[in-house]
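Scroll down for the structure; my scribbles are underneath it.
In what follows, chains are A, B, ... by sequence order, proteins preceding strands, each numbered from 1. Values below: all heavy atoms of this structure, side chains included; hydrogens, waters and symmetry mates excluded.
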Amino acid sequence: MDVPLWSTFSYLADRSLPRGQRVRVSFGSRRMCGVVTNNGNAEQQYAFRIKCVDEVFDELPPLPEAFLDLVNFAAGYYHHPYGQTLFTALPTALREPRAVRLPDRRVWRLTPAGRDAEVAPRHKVRHALWQALCADDLAPEGARAVAPSAATILKAWQDSGWVTRVDAAVPPLAVEGVIPLNTAQRAALDAIEASSAPHKPWLLHGVTGSGKTEVYLQLIERQLRAGRQVLVLVPEINLTPQLIARFTQRFPLTPTAVLHSHVADGERLVAWVDAWQGRARIVIGTRLAVFTPMPELGMVIVDEEHDGSFKQQDGLRYHARDLAVWRAHRAAVPIVLGSATPCLETLANVDAGRYRRLVLAERAHHAAALPTVRLVDVRRAKRSEGLTDEVLAALADRVRKRELSLVYINRRGFAPVVACTECGWLSGCPRCSAKLVVHLLERKLRCHHCGWEEAVPHVCPDCGNTDIKPLGEGTQRLEAALGRALPTARILRIDRDTTQRREAWNDIYRQVHAGEVDILVGTQMLAKGHDFGALSLVAILNADAALYSADFRASERLFSQLIQVAGRAGRAERPGEVLLQTQWPEHPLYQALVAHDFDRYAAELLGERRQLGFPPASFQAQLRADAPTLAEASDFLHTIRERLAQPAQASGVAVCGPAPALMVKLANRERAQLVLESPQRAALHQLLNQLTEWLPAQNVGRGLRWSLDVDPQDT
DNA sequence: AGCACGCCGACT
DNA sequence: GTCGGCGTGCTC
Ligand SMILES: [Zn+2]
Ligand SMILES: [Zn+2]
């Protein structure tokens, strides 16, 4: 049942019902949809009255075992109620206590009698339809294309035995526009093809523009040829019409289902069922697509595997990449995780020999040369309003030459770290290894990991400088300053507001490609896969704002973003240039960026995490609580902490907090969290099992809500 | 979660 | 006298 309860519920039925069967039952005073998980014993005595199943929804076969397996795993791993887990995995239409009506996807075929029938040419519509049927079977939408009134005519013909409906044959495979592979792509393809251990995950680590998608397409081609289905997961922001077109243009006859949250409910149900019944051979979707049943699954591809949008941030807080890995393993099919900037969790899996890495080090189509990256030391450089002369000169030069530049501005974080502008001192927590962040209203520095609090210092504790500021201060003014400094430049701003409209991106592309823009100005979102063609210059003004923050993943994320943004610079004839303003030019992150050495800094970050005992060197779960006041949330977490202290210590799980939550609070509610952390995943999960045994039954105060986040992304 | 039942303040 | 406020407890 779709309720936050950990038990299943018994009902009587007049016949045995298969696992996965959708039914309607009465539950309390409600009528609800339920899914059969197992058959009980008819003789069994219950201490309570058992109700009967009211209706069996057999318009669809029972949900397949592989689907139930995945749900079962997800419920266990994320410590989420089984019923709620199952229902989040279903398309919304199947959550309702109603039978679903699906379009009949069978095709119309002429019977021998129909073929012999004479349809006079003067009945224009009928004749056209008949001729079309003589040539080939007609799908319902195909018939409608021949004649809008086809449905009525075909019904009548069916009654007179001229046509029947049959399941459509899988259309033949057509492959168009194949691009020849370079050596590295070919090697990657061959390695995956030839592998004798197919279900060990692959990491396809390819620099921006190295042609990962072409490798995916050719892998998919092999699977389609072998009669298998392929599941492709992509980040929300990458699932554009252009991406879908790449697949449908390559395989024009192959039915492809697209699943993401913006697809309407009805359409999503149809796509889901098409995949389940094997009609759709390729499924492209965002994280929710990971649950789509696919009986002939042959391969899973997760593109941009480092992307945060694969993690669901409410309800069942699953990570689609991790579930996909489990699913592929279970189905014994290969899985390919692709990225230019794989996340540290994945790299740690490569180090441990659990995943295998394939590298595409060269750009496949742009120039062979990578852009030159130069750091501009803002402590030395002449600057006004946060813009150095060097950057301004470089921009002015491109404007004069009519070449496109991208200016990348990092917003100040919501709760920034405080830094000294002179010596680079940072507000670190004296009690743990996290950074303190400033809360300007209370004039306090606060640790969101362990809960430490102190007053904001007036001078730098290291050098006595009085100019200490929150990182990223002044960001808002940068864009205006840019406009004043380059009054003749045609600047196009790209942010959440300017891209809200449906056609916004098309407009932007059009303006850029028509040469109507000199400088694109944007924030984080520009890092993600938009193709503006060749960028002559990428200027990064304020990366320092994201270099340090309360979140230990900040530098990993920044590095990933910078690599991706820098990867956009360059054109066929000549490498592009990347200029980055910073107060810490010696920082290993920036040094690695200059050297185009992802691996070096990734290894350094990994070493740091191991040293500090942060993921992936440890495993975390976060117990969040929110209530009208912070005290209520904290008190609740304190009692949990006390009750957990004994077993946690015994199993080697550290409990940190409670600490007030970092994220913006919603409408008059305060949030706090407790972090559970262990180097042993099994120990952590054992403790979580204990926790979920008694916590749900606990009578928590009114207005208090709690949730559990396994492998949290923001801590 | 969602819904019913239950017990106390301002309305016809 | 009742409509409705949301606290408490249950759902096979
Ligand atoms: Zn200082
Ligand atoms: Zn701390």
- Message: Under 4.0 Å, heavy atoms only, any strand: does A:Tyr11 hit a base, just the sugar-phosphate, or nothing?
- Response: sugar-phosphate

- Message: Which residue in the set A:Gln620, A:Gln622, A:Arg624, A:His79 passes side-chain hydrogen bond (donor to acceptor under 3.5 Å, both in side chains) when paired with A:Asp709?
- Response: A:Arg624

- Message: Please list, in numerical order, the residues of residues 15-35 of chain A that have a heavy atom closer than 4.0 Å to any atom of DNA chain B.
- Response: A:Ser29, A:Arg30

- Query: Using 30° and 60° as the class limits, which term best fits the ring planes of A:His260 and A:His262: parallel, tilted or perpendicular?
  - Reply: perpendicular

- Message: Expressed as a whole number of angstroms, how long is the span from A:Asp2:CG to B:dG2:C1'?
- Response: 11 Å

- Neighbour count above 12 (heavy atom, 6.0 Å) for A:Trp326 CH2: yes

- Task: Please report, rounded to the nearest Å, how far the C1' atom of B:dG2 is from the CD atom of A:Gln84.
- Result: 12 Å

- Task: Check the distance between B:dG2's P and A:Phe87's CZ and give it to me in whole angstrom.
- Result: 13 Å

- side-chain contact (heavy atoms from CB on, under 4.5 Å) between A:Arg327 and A:Met294, worked out: CA-CA 11 Å; A:Arg327 180 174 178 180; A:Met294 296 172 73; 3.8 Å; yes

- Leading and trailing nucleotides of DNA chain C with any atom under 4.0 Å from heavy atoms of chain A: C:dG7 to C:dC12

- Message: Students often get this wrong, so: under 4.0 angstrom with heavy atoms, is A:Leu5 touching a base, only sugar-phosphate, or nothing?
- Response: base

- Query: Are A:Ser651 and A:Gln686 linked by a side-chain donor-acceptor pair shorter than 3.5 Å?
  - Reply: no

- Query: Can you check side chain to side chain donor-acceptor pair (under 3.5 Å) on A:Ser309 and A:Asp307, steps first, answer last?
  - Reply: CA-CA 6 Å; A:Ser309 74; A:Asp307 195 278; 2.8 Å; yes

- Query: Can you list every salt bridge (Lys or Arg N to Asp or Glu O under 4.0 Å) pair that touches residues 672-694 of chain A, not counting sequence neighbours?
  - Reply: none

- Message: Using the rule given for side-chain contact (heavy atoms from CB on, under 4.5 Å), can you reason through A:Leu86 versus A:Leu68, listing the C-alpha separation, both sets of side-chain angles and the distance that settles it, and then say yes or no?
- Response: CA-CA 8 Å; A:Leu86 191 149; A:Leu68 297 172; 3.9 Å; yes

